[in-house]
Structure formats: C-alpha cells, structure tokens
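Scroll down for the structure; my scribbles are underneath it.
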Amino acid sequence: MSRIRVLIADDHAVVRAGLRMLIGTQPDMEVVGEAADGPETLLKTRAARPDVVVLDLSMPGPRSTLTIERLVRLEPSPRILILTMHDDPAYFRSAFMAGATGYVVKDAADVEVLTAIRVVHRGRTFSDLTRSHDPAPGHSATPTRQGRPAAGGRKLLSRREAEVLRLLAQGHTHQEVADQLVLSIKTVETYRKRLHEKLDLKSRAQLFRFAFESGLLDRDPALPNDQ
C-alpha cells in the first residue's frame, strides 16, 4: 500500500515534532519534509513532492494565502490542509479561495487531524468549523463528549448505520465502505442519506464530529446490537 506523503509547515518546532510523531504512527502515512515559513514550504514541496501539505496560517514570510496560491500552481500540485489556531469563518473562506481543501483548528483531536489528511488526499474537502463561534461566557467552544447531544443521537442508529457512519467519518469513500461491509454502493448511499435525515447532519465534517463525540471513533467502539 502506498503511503500518503505529508509535508508539515509550521513555525513552531514543538508543533512540527508533535505532528511528525502522530503521523509516524500511521501505517498509511509518512512525513517527507518540514518547513518553518512560506518560502521554505515552497522549496521543500518542490523537492519532496508531498501528497498533502499541512500548513499553518501564521508563519513568517509572505501572507499565507499567497503561499497557498503558489503551492497549488506547482506540478504535481499537493493538497493543502490548513491546521491553524484561527477558528474564524473569515480565515476559512480566504484559505479555500486561495486553493486549500481542508481546514482544521489546532485544538482538534488527533483522530480529526488524521481523518482530514486522508480526506483531502482523496480529493475531497474537510472542515471542522461546525462548532459554535459564540460560546456562552465561561464555556469553551470546543465540544466534549460529556453532556453532548451525540450520546443520545447514537441510540437512534442501528448497528449497520453506526458501522457506515464510523467508516464515512474516518474519510473512506462510498466504494471503500461498500467493500469493507460487503454492501453495494447504492446501499451505502441509502445509509448515508438515512444518517443525514436521522441526525440532521449536512456535511462530512458534521458526520465526523457526531461520530467522535458519540465514541464511534474509539479504538473498540461499542456498537448497537441490532442489525
């Protein structure tokens, strides 16, 4: 199996080290380079030819949108996943207009970052901006499992629906879900439609957040007993 080649671009060495360790634990990924500013990112990308560049928006040098625009003009062109401290739709819009295809805030869970890398590598888009941007005073905008609606919503799902949701949230395509569960693509599409209707979720990022909050992305999740 060919591995996803990842380049990490962040001006903080500790962030790069943490991402390098995280990605290094994945059998389908490898880190092929690191950079600490925009010009170095372009230089290292030309040399290493990564599949995905994980890019911080606040590095020294030219503005980040210019770096993104230059990256996507390279041949071959990498997919750009933004990993940033900015949980603001304005930053998200400017990054995507420049050519990014993924956007994750730095307080996201490790599994969310890894899922985002896999999703953008497959040519899809990923954004975790599904959280509230105006939390009540004294409350964090970052979701946690305790006391979240997802715990109750999970009880609405059959075992097969939970299995389909888990695989989709991990970034698998409909074909990959069908192959793993021995289903037809049409059946998987039917399950996905049912999930959207049951849980009132509109995007893959919302599916991911629900799956994460309800524990379906744990190493050994407890699935419903019914089929």
Side-chain angles (χ1 to χ4, degrees), residues 1-38 40-41 44-45 47-60 64 67-68 71 78-87 91-92 95 100-131 140-145 150 165-173 176 204-221:
M1 178 181 65
S2 61
R3 293 193 287 181
I4 303 172
R5 296 166 56 82
V6 182
L7 186 140
I8 303 167
D10 194 293
D11 59 326
H12 292 96
V14 66
V15 174
R16 297 197 305 272
L19 285 171
R20 184 172 63 248
M21 291 179 61
L22 173 65
I23 293 169
T25 65
Q26 304 303 299
D28 61 335
M29 299 181 191
E30 62 177 329
V31 175
V32 296
E34 298 180 23
D37 57 37
E40 187 181 18
T41 300
K44 294 289 185 67
T45 299
R49 297 194 171 194
D51 300 309
V52 177
V53 175
V54 179
L55 181 73
D56 180 31
L57 288 181
S58 303
M59 294 189 297
S64 57
T67 298
I68 296 169
L71 285 170
R79 307 290 288 181
I80 313 299
L81 171 63
I82 302 302
L83 183 60
T84 178
M85 61 184 286
H86 301 295
D87 186 8
Y91 286 94
F92 164 80
T101 50
Y103 195 102
V104 178
V105 179
K106 283 184 176 178
D107 62 4
D110 289 350
V111 66
E112 187 164 3
V113 176
L114 296 171
T115 296
I117 291 173
R118 293 185 178 101
V119 169
V120 300
H121 177 249
R122 291 188 173 99
R124 298 172 179 269
T125 59
F126 187 96
S127 168
D128 78 339
L129 289 185
T130 56
R131 66 192 68 180
S140 170
T142 304
T144 57
R145 289 180 190 160
L165 172 57
R166 182 170 187 252
L167 291 172
L168 289 174
Q170 289 173 336
H172 293 285
T173 64
E176 290 167 340
R204 182 181 287 268
Q206 289 177 327
L207 284 175
F208 172 90
R209 190 160 294 281
F210 178 91
F212 172 71
E213 292 178 11
S214 62
L216 286 174
L217 297 183
D218 292 348
R219 184 178 298 274
D220 297 301

Item checked: Contact check, side chains of Ile23 and Ile8, non-hydrogen atoms, under 4.5 Å -> yes
Check: For Asp110, which residues count as a side-chain contact (heavy atoms from CB on, under 4.5 Å) partner, sequence neighbours excluded?
Finding: Leu22
Checklist line | Shortest non-hydrogen contact between Ser58 and His86, atoms and distance | finding: OG-NE2, 3.0 Å
Margin query: To the closest 0.5 Å, what do you measure between CG (Leu57) and OH (Tyr103)?
Written below: 5.0 Å
Item checked: Under the side-chain contact (heavy atoms from CB on, under 4.5 Å) test, residues paired with Thr45 that sit two or more places apart -> Leu7, Thr41, Pro50, Val53, Leu71, Leu74, Pro78
Margin query: Could you check whether any side-chain heavy atom of Leu83 comes within less than 4.5 Å of a side-chain heavy atom of Leu19, counting everything from C-beta outward?
Written below: yes
Check: Excluding sequence neighbours, so at least two apart, what forms side-chain contact (heavy atoms from CB on, under 4.5 Å) with Thr101?
Finding: Arg79, Val120, Thr125
Notebook entry, point to check: In Å and rounded to the nearest 0.5 Å, what is the CD to CZ distance from Gln26 to Arg118?
Noted result: 5.0 Å
Item checked: Heavy-atom side-chain contact between Ile68 and Ile82 under 4.5 Å -> yes
Note to self: For Arg122, give me all partners under side-chain hydrogen bond (donor to acceptor under 3.5 Å, both in side chains), at least two apart in sequence or on another chain.
What the structure shows: Glu176
Check: Do the side chains of Tyr91 and Thr84 get nearer than 4.5 Å, heavy atoms only?
Finding: no
Check: If we only count heavy atoms from C-beta on, is the Glu112 to Phe126 side-chain gap below 4.5 Å?
Finding: yes
Note to self: How close do Ala116 and Val104 get, counting heavy atoms only, and between which atoms?
What the structure shows: CB-CG2, 3.6 Å
Notebook entry, point to check: Do Met29 and His121 come within less than 4.5 Å of each other through their side chains, counting heavy atoms only?
Noted result: no
Margin query: Taking side-chain hydrogen bond (donor to acceptor under 3.5 Å, both in side chains) as the definition, give me every residue that meets it alongside Arg16, ordered by chain and number, with sequence neighbours left out.
Written below: Glu34
Note to self: A side-chain contact here means heavy atoms from C-beta on lying under 4.5 Å apart; do Ile4 and Ile117 qualify?
What the structure shows: yes
Notebook entry, point to check: So, for Asp10 and Lys106, which heavy atoms are closest and what is the spacing to 0.1 Å?
Noted result: OD2-NZ, 2.9 Å
Margin query: Tell me every residue that passes side-chain contact (heavy atoms from CB on, under 4.5 Å) with Glu30, counting only those two or more places apart in sequence or in another chain.
Written below: Arg3, Arg5, Val32
